[in-house]
Amino acid sequence: MEPLLNYINGAFVPPRTGESLDDLNPATGETITTVPKSGELDVEHAVRAANAARTAWAATTLEERIGWLHRIADALEARSEDIARLESLDTGKPVSLARRVDAARSVSNFRFFAEHAATLEAKVFESNGATNHVHRKPVGCVGLITPWNLPLYLLSWKVAPALVMGNTIVAKPSEMTPLTANLLAEVLHELNLPRGVFNLVHGLGPDVGQAMVAHPSVHAISFTGGTATGAIVAKTAAPMFKKLSLELGGKNATVVLEDAPLDTVLDGLVRASFTNAGQVCLCGSRILVHERIKDAFVHGFVERVASLKVGDPTDETTDMGSVISHAHRDKVEGYIRLAMEEGGTVLTGGTSDATPVDDAHPDGAFLRPTVIDGLPIDARCATEEIFGPVVTLHTFQNEDEAVAMANATDYGLAGSVWTGDAERGHRLAQRIDSGIVWVNTWLNRDLRTPFGGVKQSGVGREGGDWSLNFFSELSNVCVQH
Ligand code: NDP
């Protein structure tokens with residue numbers, strides 16, 4: 001594949017640093033292509049382009065921008081198979097998953113925000129003999145920083161509302177997964193989006209991401225990534241009073257009540273634990289199960305997990321591909337070893353030291369889906385975000401204990417409750433300190449709903465009106481009659 005370039009001011013350009021990084025396929029260890037290792041000057045170039053394009057883009061009507069989003073959705077849909085293939089190459093996820101989740105959602109993000117923005121209504125308040133008119137304006141040039149687990153899915157989740165509200169963009173994807181951000185730039189270029197409206201700068205977080213956050217002419221930052229990085233972003237942006245949206249890590253609880261119909265919920269529980277090799281911020285990595293049904297649960301769950309097909313991401317029948325990198329595999333395996341030191345028992349899976357997971361791909365960063373029992377709820381493996389195919393099992397005796405265990409973490413992004421009584425599940429869900437709780441389902445998303453975390457899982461909400469509010473400034477004009 002041709003070396004990737006940055007996309008700045010309507011042109012594909014090499015980085016001013018003249019440096020590049022290898023983009024690796026984690027399932028094979030092979031180099032796919034190279035990606036610019038950009039620096040501050042490249043960010044400066046992109047920020048100038050975005051600011052130069054601001055006035056004209058902000059002057060377009062909402063209807064015109066909605067039209068742009070529909071055209072982008074159509075063009076991405078026509079390239080769905082390319083999106084799935086590139087995402088699978090970059091991340092090691094099964095191409096079937098990339099097609100079903102990444103490609104489909106990247107298209108629907110643009111379509112959804114086109115349709116949702118069309119529902120915006122003018123807000124007018126009458127009082128004291130005056131009329132208050134609430135106006136929306138773009139924030140300006142916005143910086144979008146995204147991680148490697150769901151590359152175009154998460155980038156498009158930010159680009160669509162930012163564009164439709166009239167902002168111009170500087171985006172930085174993870175340098176490990178740059179291919180579909182490049183595809184998006186190609187699509188926008190072919191559609192002749194006015195130059196400077198969307199700019200893409202590839203490179204490392206501490207170079208490119210940091211320069212974007214620190215730049216005074218980037219007026220808002222929407223960041224999705226780890227909690228430690230989010231803290232650096234917040235510290236840099238706060239003294240400039242930048243608008244900031246932080247979507248960070250999670251350590252989500254999956255609560256299985258004693259009345260849960262195991263036969264019907266076990267497949268959902270496996271999905272909630274191991275989709276994308278557990279590398280979804282919403283995956284449940286701590287399973288809390290009522291002690292009365294523990295044995296039946298373990299029997300059914302472990303059997304299903306052990307039968308997941310791990311290996312070649314290009315094989316349509318593969319359930320789980322590789323993790324994102326060899327370094328990440330080492331980190332996850334370190335946690336599995338730590339779990340054993342902490343007194344845990346591996347019920348299925350484990351490290352790949354003894355037997356390679358996929359003989360056909362000995363250089364791939366594969367791991368077996370792993371279930372660990374017997375750890376205390378405050379063990380490191382039960383409280384720190386592992387972000388891989390590892391779940392820990394814990395038992396509780398009653399609802400109060402389940403809630404206390406679910407809340408015994410610094411994170412608060414998501415969770416799920418599984419029960420035969422949906423009303424009971426709804427009541428319990430409200431006691432869990434997190435931004436999203438599903439009852440008898442998982443990753444069932446209505447894009448109009450608020451999305452985001454509490455505690456160390458982030459600040460702010462995205463989705464529906466919340467995204468449109470983040471990417472606009474509201475001002476009130478009060479006219480006395
Ligand atoms: P990181 O925090 O390492 O990176 C996220 C992005 O930030 C990358 O583009 C990264 O660049 C960049 N970055 C790194 N350092 C800086 C810096 N100093 N300033 C600005 N940007 C920087 O996260 P991962 O990529 O490892 O993603 C996994 C994490 O993302 C997990 O914690 C997961 O829970 C979280 N996540 C949260 C979601 C949510 O909605 N709450 C959704 C998906 C994931 P580079 O890649 O070059 O380091």
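Just follow the structure's listing: the first ligand is 1, and inside any ligand the first atom is 1.
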### Centroid-centroid under 6.0 Å between Tyr7 and His189 rings
yes
### Pair Phe113 + Trp157: ring centers closer than 6.0 Å
yes
### Query
Thinking salt bridges, do Lys158 and Glu462 make one under a 4.0 Å N-O criterion?
yes
### Query
Hey, are Glu186 and Arg79 close enough for a salt bridge, meaning a charged N less than 4.0 Å from a carboxylate O?
yes
### Task
Tell me, please: is Glu385 in heavy-atom contact with ligand 1, that is, under 4.0 Å?
yes
### Task
Look at ligand 1 and say whether Leu154 reaches it with a heavy atom at a distance under 4.0 Å.
yes
### Message
Within the 4.0 Å heavy-atom shell around Leu413, which atoms of ligand 1 are there?
### Response
41 (N)
### Query
Which residue holds the protein heavy atom closest to atom 15 (N) of ligand 1, what is that atom called, and what is the gap in Å?
Thr229 CG2, 3.2 Å
### Query
So which of Thr146, Leu246, Leu248, Leu144 gets nearest to atom 37 (C) of ligand 1, if we judge by its closest heavy atom?
Leu248
### Task
State whether the number of non-hydrogen atoms from other residues, nucleotides or ligands found under 6.0 Å of Arg431 atom CZ is greater than 12.
yes
### Task
May I ask you to list the atoms of ligand 1 that are less than 4.0 angstrom from any heavy atom of Gly226?
1 (P), 2 (O), 23 (O), 29 (C), 30 (O), 32 (O)
### Message
Out of Gly458, Cys281, Ala231, who is nearest to atom 38 (C) of ligand 1 when you count heavy atoms only?
### Response
Cys281
### Query
Going by the order shown, which atoms of ligand 1 are within less than 4.0 Å of some heavy atom of Leu204?
47 (O)
## Note on the structure
To atom 44 (C) of ligand 1, the nearest of Leu155, Val233, Asn149 on a heavy-atom basis is Asn149
### Message
Is it true that His116 and Asp465 share a donor-acceptor pair across their side chains at a distance under 3.5 Å?
### Response
yes
### Query
Can you list the atoms of ligand 1 that are under 4.0 Å from a heavy atom of Ser174?
9 (O), 46 (O)
#### Entry: Heavy-atom closest pair, residues Gly344 and Leu375
N-CD2, 3.5 Å
### Query
So, does Thr31 use its side chain to make a donor-acceptor pair with the main chain of Thr33 at under 3.5 Å?
no
### Task
Identify the protein heavy atom lying closest to atom 46 (O) of ligand 1, giving its residue, its atom name and the separation to 0.1 Å.
Glu175 OE1, 2.7 Å
### Query
Can you list the atoms of ligand 1 that are under 4.0 Å from a heavy atom of Ile145?
6 (C), 7 (O), 9 (O), 12 (C), 20 (C), 21 (N)
### Side-chain donor-acceptor contact under 3.5 Å, Glu473 with His219
no
### Message
In this structure, does ligand 1 have an atom that sits under 4.0 Å from one of the heavy atoms of Gly230?
### Response
no
### Summary
atom 17 (C) of ligand 1: closest protein heavy atom, distance to 0.1 Å, is Gly205 O, 3.6 Å
### Task
Step by step, work out the side chain to side chain contact (heavy atoms under 4.5 Å, CB included) result for Ile287 and His394.
CA-CA 6 Å; Ile287 301 185; His394 313 269; over 6 Å; no
### Query
Where is the nearest protein heavy atom to atom 19 (N) of ligand 1: which residue, which atom, and how far?
Gln210 N, 3.4 Å
#### Entry: For Pro147, atoms of ligand 1 separated by under 4.0 Å from a heavy atom
24 (P), 25 (O), 27 (O), 44 (C)
### Query
Side chains of Asp378 and Thr383: is there a donor and an acceptor less than 3.5 Å apart?
no
### Query
Which residue holds the protein heavy atom closest to atom 40 (O) of ligand 1, what is that atom called, and what is the gap in Å?
Phe451 CE2, 3.2 Å
#### Entry: Nitrogen or oxygen of Lys172 less than 3.5 angstrom from that of ligand 1
yes
### Query
When only distance counts, is Phe387 in polar contact with ligand 1, meaning an N/O pair under 3.5 Å?
no
